[in-house]
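Each ligand, and each atom within it, is numbered from 1 in the order the structure gives. Numbers here are sequence positions counted from 1.
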Amino acid sequence: MDDPVLLTGAGGRVGQAILRHSGDRFEWRLLDREPLSSEKLPAGVSKDDVYAVDVTDEAAVEEAMEGVYAVIHLAGDPRPEAPWDSVLRNNIDGTHTVLQAAVDAGVEKFAFASSNHAVGAYETDERTPEMYRPDDDFKLDGEELPRPSNLYGVSKASGEVLGRYYHDHAGISVVNVRIGNLTEGHPPIDYERGQAMWLSYRDCAHLFERCVLADYDYEIVYGISDNDRKYYSIDRARDVLGYEPTDNSAEFEG
Ligand SMILES: NC(=O)C1=CN([C@@H]2O[C@H](COP(=O)(O)OP(=O)(O)OC[C@H]3O[C@@H](n4cnc5c(N)ncnc54)[C@H](O)[C@@H]3O)[C@@H](O)[C@H]2O)C=CC1
Ligand SMILES: O=C1O[C@H](COP(=O)(O)O)[C@@H](O)[C@H](O)[C@H]1O
C-alpha cells in the first residue's frame, strides 16, 4: 500500500515503539506538537513528512490528512491523573478533530489509542489483586461497557464513542486499542497490575501494524502481550486483526 499512514503523537513512547519496529513497513506521515528530533525518525522519513501540529488545530490537521490511507491516533495527554481541562482539550477535542478530518479526507481506517483506564473500575477491591494472577478466571473481552477509573479514562471512553459515531455515520473503519502497560525491554517490576497488562514494544508495533493491514468495521481490542497473568482476552485481536503476540510477562518472573 503506497498511500501514507498518519501517526499522531509520533514522538511519544507508543509512537516510538511503533516506528522502531515497523519503521520500514509503511509510507509514514508523522505528527506531533513537539518537534521530532532526527533520531526519532525512521530511515526514509524526511522532514517534509513531519508535521509539528496540535491535533486541535483543524486546518493544520486537515493539511496533514491529505491523501492518507490510515490513521494511528496516539496524540493526547497520557497521564491517568490528568486534569479535566487537559483531557477535554487534548484527548476529546483532539480526537474529534482528527476523526472529522479523516472522514473528510476519505481515510479508510482509524486506529485509536484507548486505554486500560477506560475500564479500570472493573478492578474492584473484591477482585484485586487475585485478578492479576494466572489462576483467576475473571476476564474482559471488549464487549463490556466502559467503567473509567479516572477522568483520563473518561476521555478514552469518549474517544471510543466518537469512533462509533463516525463509523456509523461516515463508514470509516475504526479499531480501538485499549493499551495496557507499554514498558520497554521487560514488564514492570514488582507491579502485578502492570505485569498482567504488559505490552512489549515489539508486540505494540505488530498490533498497530495489523490495525493498518486488517479489514474490520468497528472493534474494541486489548493491547497487551500474551501474559499468563492477563485478565483481558486477546481473542478478538487475534481473530479480527491477525494479532500474534510474541511476549509474555511470565517469562521475566524468577
Ligand atoms: N504508554 C502506555 O502504556 C499507554 C498509552 N496509552 C495511550 O497511548 C497514547 C500514546 O501514549 P504515550 O506514547 O505513552 O504518551 P507520550 O506522552 O509518550 O506521547 C504522546 C505524544 O503525543 C503528543 N501530544 C500530546 N498532546 C498533543 C496534541 N494536543 N497535539 C499533538 N500532539 C500531542 C506529545 O507531544 C507526545 O509526543 C496516548 O493517547 C495514551 O493515552 C494508553 C494506554 C497505555
Ligand atoms: O493509559 C495508560 O495506562 C498505563 C498503565 O496504567 P498504570 O496506572 O498501571 O500506570 C500508564 O502507564 C500510561 O501512562 C497511561 O497512558
Who's closest to [atom] heavy-atom-wise, of [options]?
| atom | options | value |
| --- | --- | --- |
| atom 35 (O) of ligand 1 | Asp32, Asn91, Asp77, Asp54 | Asp32 |
| atom 28 (C) of ligand 1 | Val55, Leu31, Leu36, Ile18 | Val55 |
| atom 10 (O) of ligand 2 | Leu199, Asn181, Thr183 | Asn181 |
| atom 13 (C) of ligand 2 | Ser114, Gly153, Pro78, Ala113 | Pro78 |

If we number the atoms of ligand 2 from 1 as shown, the ones under 4.0 Å from a heavy atom of Arg193 are 6 (O), 7 (P), 8 (O), 9 (O)

Near Gly180 (heavy-atom distance under 4.0 Å), the atoms of ligand 2 are 3 (O), 4 (C), 5 (C)

Ring-plane angle category for Phe252 and Trp198, please: parallel below 30°, perpendicular beyond 60°, tilted otherwise.
perpendicular

Considering only the protein, which heavy-atom contact is closest to [atom], and what is its distance?
| atom | value |
| --- | --- |
| atom 11 (O) of ligand 1 | Val14 CG2, 3.8 Å |
| atom 29 (N) of ligand 1 | Asn90 OD1, 2.9 Å |
| atom 9 (O) of ligand 2 | Tyr191 OH, 2.5 Å |
| atom 14 (O) of ligand 2 | Arg13 NH2, 3.3 Å |
| atom 24 (N) of ligand 1 | Gly76 N, 3.8 Å |
| atom 22 (O) of ligand 1 | Gly9 CA, 3.4 Å |
| atom 6 (O) of ligand 2 | His117 NE2, 3.1 Å |
| atom 11 (C) of ligand 2 | Pro80 CG, 4.5 Å |
| atom 2 (C) of ligand 2 | Tyr152 OH, 3.5 Å |
| atom 19 (O) of ligand 1 | Gly12 CA, 3.2 Å |
| atom 38 (C) of ligand 1 | Leu74 O, 3.1 Å |
| atom 18 (O) of ligand 1 | Arg13 N, 3.0 Å |
| atom 40 (C) of ligand 1 | Tyr152 OH, 3.5 Å |

Under 3.5 Å donor-acceptor, [X] side chain and [Y] backbone:
| X | Y | value |
| --- | --- | --- |
| Gln16 | Ala10 | yes |
| Arg210 | Tyr243 | no |
| Asn176 | Phe112 | no |
| Thr97 | Glu58 | no |
| Ser225 | Ser200 | yes |
| His206 | Glu244 | yes |

Just how far is it from atom CG of Leu162 to atom CG of Asn91, taken to the nearest 0.5 Å?
11.0 Å

Is there any N or O on Arg79 that sits under 3.5 Å from an N or O of ligand 2?
no

Any N/O of Met197 closer than 3.5 Å to an N/O of ligand 2?
no

Axial cation check for Tyr122 ring with Arg127, 6.0 Å and 45° limits:
no

Ligand 1 to Gly180, heavy atom cutoff 4.0 Å, flagged ligand atoms 3 (O), 43 (C), 44 (C)

Any idea which part of [X] is under 4.0 Å from ligand 1, heavy-atom wise: side chain, backbone, both or neither?
| X | value |
| --- | --- |
| His117 | neither |
| Ser114 | backbone |
| Val53 | backbone |

Give a yes/no on ligand 2: does Gly120 have at least one heavy atom closer than 4.0 angstrom to it?
no

Does Glu123 have a non-hydrogen atom less than 4.0 Å from ligand 2?
no

Determine the minimum heavy-atom distance between Met65 and Ala101, stating which atoms define it.
CG-O, 3.6 Å

Cluster overlap Leu140 with Ile220, hydrophobic side-chain contacts below 4.5 Å
no

Common cluster, Tyr69/Tyr166, ILVMFWY with side-chain heavy-atom separation under 4.5 Å:
no

What do you reckon, does [X] have a nitrogen or oxygen under 3.5 Å from a nitrogen or oxygen of ligand 1?
| X | answer |
| --- | --- |
| Arg33 | yes |
| Ser115 | no |
| Asn181 | no |
| Glu34 | no |
| Gly15 | no |

So for His73, does at least one of its heavy atoms come nearer than 4.0 angstrom to any atom of ligand 1?
no

Determine whether more than 12 heavy atoms belonging to other residues, nucleotides or ligands lie under 6.0 Å from atom CD of Glu143.
no

Crowded around Glu144 CD? As in, over 12 foreign heavy atoms under 6.0 Å?
yes

Could you tell me whether [X] and [Y] make a salt bridge, using a distance below 4.0 angstrom between a side-chain N and a carboxylate O?
| X | Y | value |
| --- | --- | --- |
| Arg20 | Glu184 | yes |
| Arg178 | Glu160 | yes |
| Asp136 | Arg229 | no |

Is Ser249 close to Met197 at the side-chain level, that is, under 4.5 Å between some pair of heavy atoms?
no

Asn116, portion touching ligand 2 at heavy-atom distance under 4.0 Å:
side chain

Single hit among His117, Lys156, Arg79 for side-chain hydrogen bond (donor to acceptor under 3.5 Å, both in side chains) with Asn150:
His117

